[in-house]
Amino acid sequence: MKVVAFNGSARKDGNCAFLIRRVFQELERENIETELIQLAGAKLHGCRACYGCFQKKNSRCQFDDDQLNDYLAKILESHSLILASPTYFSDVSPEMKALIDRVGFVARANNNLLARKAGAAIVTVRRAGAIHALDTLNHFFLCQSMFLVGSSYWNIGFGREKGEVEKDEEGLKTMAVLGQNLAWLLKKIAAFQK
Ligand SMILES: Cc1cc2nc3c(=O)[nH]c(=O)nc-3n(C[C@H](O)[C@H](O)[C@H](O)COP(=O)(O)O)c2cc1C
């Protein structure tokens, strides 16, 4: 079983990465393979609305000028997708928006490629706007026929400077429970499919 996580922050190894790694600890304890992909510096462009994916239906974005198709392949080989974003003006980062728009369109053009994978959203924030960013990610999962994973509180961690989220005790607890819930769900699905 494998879980891939995307850190949508423009800042590598910041608060989003810290929270993802906290979730990974729980998954790895259950022998679930994990992979973290950080979008910082990736220069992903947004969807160009060419509808080429709906015409070709080859499970790819027809633009091969950035890493989108590599990212999509990582998602398709995984049982679960974690999307983590910092709050930027009460929404997700542009890197994350580019990822979800393009992956989402290709997935829908090809008979819902993400259907029945588990999805978990994580958001970091200094002060306000996190719920709206979280809703953006959850709405993505919900229209891809995915199963949403929650926790003991909303999947949010507080902090501004890199690593500051480490002081958010409740946020860390939320991530631990999120990891446990995700591991539980993946194991149940795997057992059901046997
Ligand atoms: C362009 C930009 C916009 C931001 N907008 C908000 C915001 O709307 N609300 C907020 O509380 N924090 C905002 N922040 C702060 C980040 O959400 C916060 O520092 C977060 O922990 C960054 O996560 P990271 O370390 O993973 O990049 C903003 C930061 C940047 C760079």
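Counting starts at 1 for both ligands and their atoms, following the listed order. All values below were derived from every heavy atom in this structure, side-chain atoms included, with hydrogens, water molecules and symmetry-related copies excluded.
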Less than 3.5 Å apart, which donor and acceptor atoms pair up between the side chains of residues 106-118 and the rest of the protein, not counting sequence neighbours?
| from | atom 1 | to | atom 2 | distance (Å) |
| --- | --- | --- | --- | --- |
| R108 | NH1 | C143 | O | 2.8 |
| N110 | OD1 | N58 | N | 3.4 |
| N110 | OD1 | S59 | N | 3.1 |
| N110 | ND2 | V106 | O | 2.8 |
| K117 | NZ | L76 | O | 3.2 |
| K117 | NZ | S78 | O | 2.5 |

Problem - Ring centroid separation F147 to F141 under 6.0 Å - result: no
Practice task
With R48 as the cation and F63 as the aromatic partner, state whether NZ or CZ is under 6.0 Å from the six-membered ring centre and within 45° of the axis.
Solution key: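 So R48 does make the cation-pi contact.
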Handout entry: NZ/NE/NH1/NH2 to OD/OE distance under 4.0 Å, D66 and R102
Key =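 R102 and D66: salt-bridged.
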For residues 177-192, tabulate all N or O donor-acceptor pairs below 3.5 Å that involve a side-chain atom, not counting sequence neighbours.
| from | atom 1 | to | atom 2 | distance (Å) |
| --- | --- | --- | --- | --- |
| Q180 | NE2 | E26 | OE1 | 3.2 |
| N181 | ND2 | G150 | O | 3.0 |
| K187 | NZ | E30 | O | 3.4 |
| K187 | NZ | E30 | OE1 | 3.0 |

Exercise for the section: Hey, could you give me each pair passing side chain to side chain donor-acceptor pair (under 3.5 Å) that has a residue in residues 148-158? Not counting sequence neighbours. Expected result: none
Problem - First-shell residues of ligand 1 [heavy atom, distance under 4.0 Å] - result: S9, R11, G14, N15, C16, P86, T87, Y88, F89, S90, T124, V125, R126, R127, A128, G159, R160
